[in-house]
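Inspection log for the structure reproduced underneath, given as structure tokens.
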Amino acid sequence: MPPDELRPLLEALLFASDSPLTLSLLVETVGADAMDVSNALEALREDLDRQERGVQLVEIGGGWLIVTREKHAPWIKKMLQGKRKSRLSRASLETLAIVAYKQPVTRPEIESIRGVDSGSALATLLERDLITIKGRSDVVGRPLLYGSTSEFLSYFGLRDLNDLPRPEELKAILQAREAETEQEPLFPPAAAEAVSVKPALEPPAEGEGSQDSSEEHAEEHAETES
């Protein structure tokens, strides 16, 4: 397929998708050589940047996606106010941060770090496809192992796990983001502590698990209503 036909075809496919499209999927869809598709994607990205279009082509979550430019965020936020998807609760974000940095990780390991029951948070993250079950641990009881997904990368705008900030950098990033707007931070401050400390030696105190579960449901319910 000639490049002048391939480029607009790829643009149409990317525009129609709300999730990243992998190179292999694009190659299979258009029936072109992988190198030709890769070159066309780079050319399309350069065209959008050179023309200073309102959208840009980014490589994210293991694929390619057309997204709006960051400088237009205030107007987009204004237009979509009240129509955004419910945000993750603090408990879910803390749990997700631990999974992201410690994966593969078991529920007991997560709860030893957080100090509270994390069953509800894990269920929410599984439902949102931000984490997945990677298998079972070899320890006694063979608990499930949790890891992040490609949807997690897309949700936070990461190309791959190597783009995660180092734990020691996380606090500074969170403080900078919290000082800007009411934008949901990448991970909450408590998560910055969680991913850099050793697991607690003692199990959660009695009553902490139910408290965390209740807070999780309350936060999710409140965010959904907002």
Side-chain angles (χ1 to χ4, degrees), residues 18-19 61-62 84-158 160-171 173-174 177-178 182-226:
D18 60 357
S19 58
R84 294 179 302 174
K85 293 181 179 179
S86 61
R87 296 182 296 178
L88 291 173
S89 69
R90 184 185 186 89
S92 291
L93 282 169
E94 287 179 3
T95 302
L96 183 56
I98 295 170
V99 172
Y101 283 92
K102 301 290 188 181
Q103 62 182 306
V105 62
T106 65
R107 174 175 170 177
E109 290 171 333
I110 294 171
E111 292 174 347
S112 71
I113 294 174
R114 293 193 64 225
V116 291
D117 179 84
S118 299
S120 180
L122 286 170
T124 296
L125 296 173
L126 285 168
E127 183 178 355
R128 297 279 290 269
D129 197 29
L130 294 172
I131 65 172
T132 187
I133 296 172
K134 297 287 190 178
R136 288 186 178 275
S137 173
D138 292 331
V139 302
V140 177
R142 294 184 56 79
L144 296 173
L145 289 167
Y146 297 95
S148 62
T149 65
S150 59
E151 179 65 23
F152 162 80
L153 297 175
S154 299
Y155 189 91
F156 291 107
L158 305 173
D160 54 43
L161 292 177
N162 291 326
D163 286 346
L164 279 171
R166 293 194 299 271
E168 59 268 25
E169 298 173 335
L170 192 54
K171 280 187 180 179
I173 294 175
L174 292 173
R177 288 198 175 192
E178 288 178 345
E182 57 181 346
Q183 174 185 358
E184 185 72 48
L186 177 63
F187 295 120
E193 298 287 350
V195 298
S196 60
V197 299
K198 296 180 179 179
L201 297 179
E202 299 181 358
E206 184 177 356
E208 285 186 342
S210 59
Q211 178 183 4
D212 180 70
S213 180
S214 299
E215 290 177 353
E216 167 75 15
H217 286 299
E219 287 183 48
E220 296 286 358
H221 181 67
E223 289 167 0
T224 303
E225 288 187 340
S226 62

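Remember, it's a predicted structure, so these values are computed and weren't measured experimentally. Counting begins at 1 with the first residue of the sequence.
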- Query: Would you say the side chain of L161 lies within less than 4.5 Å of the side chain of F152, judging by non-hydrogen atoms?
  - Reply: yes
- Message: Distance check, rounded to the nearest 0.5 Å: R107 atom CZ versus I98 atom CD1?
- Response: 13.0 Å
- Task: Check whether any side-chain heavy atom of S148 lies under 4.5 Å from a side-chain heavy atom of Y101, and answer yes or no.
- Result: no
- Of the non-hydrogen atoms in G61 and S154, which two are nearest, and what is the gap between them? CA-OG, 4.1 Å
- Message: Checking T149 now: which residues fulfil side-chain hydrogen bond (donor to acceptor under 3.5 Å, both in side chains) with it, not counting sequence neighbours?
- Response: none
- Kindly write out the residues that satisfy side chain to side chain contact (heavy atoms under 4.5 Å, CB included) with V139, not counting sequence neighbours, or none if the list is empty. S137, P143
- Query: With no hydrogens and no angle check, is any side-chain donor or acceptor of S118 less than 3.5 Å from a backbone partner on A121?
  - Reply: no
- Query: Out of V105, V116, D117, which one pairs with I110 under the side chain to side chain contact (heavy atoms under 4.5 Å, CB included) rule?
  - Reply: V105
- Query: What closest approach, in Å, do L125 and L96 show between heavy atoms, and which atom pair accounts for it?
  - Reply: CD1-N, 3.7 Å
- Message: As an exercise, state the distance from CG of L122 to CG of L130, rounded to the nearest 0.5 Å.
- Response: 11.5 Å
- Query: Between E94 (side chain) and A91 (backbone), is there a donor-acceptor pair under 3.5 Å?
  - Reply: no
- Item | Nearest-0.5 Å distance that lies between atom CG in L126 and atom CD1 in I133 | 5.5 Å
- Can we say K102 and E109 salt-bridge, meaning some charged N sits less than 4.0 Å from an Asp/Glu carboxylate O? no
- Item | Close side-chain approach of T106 to Y146, heavy-atom, < 4.5 Å | no
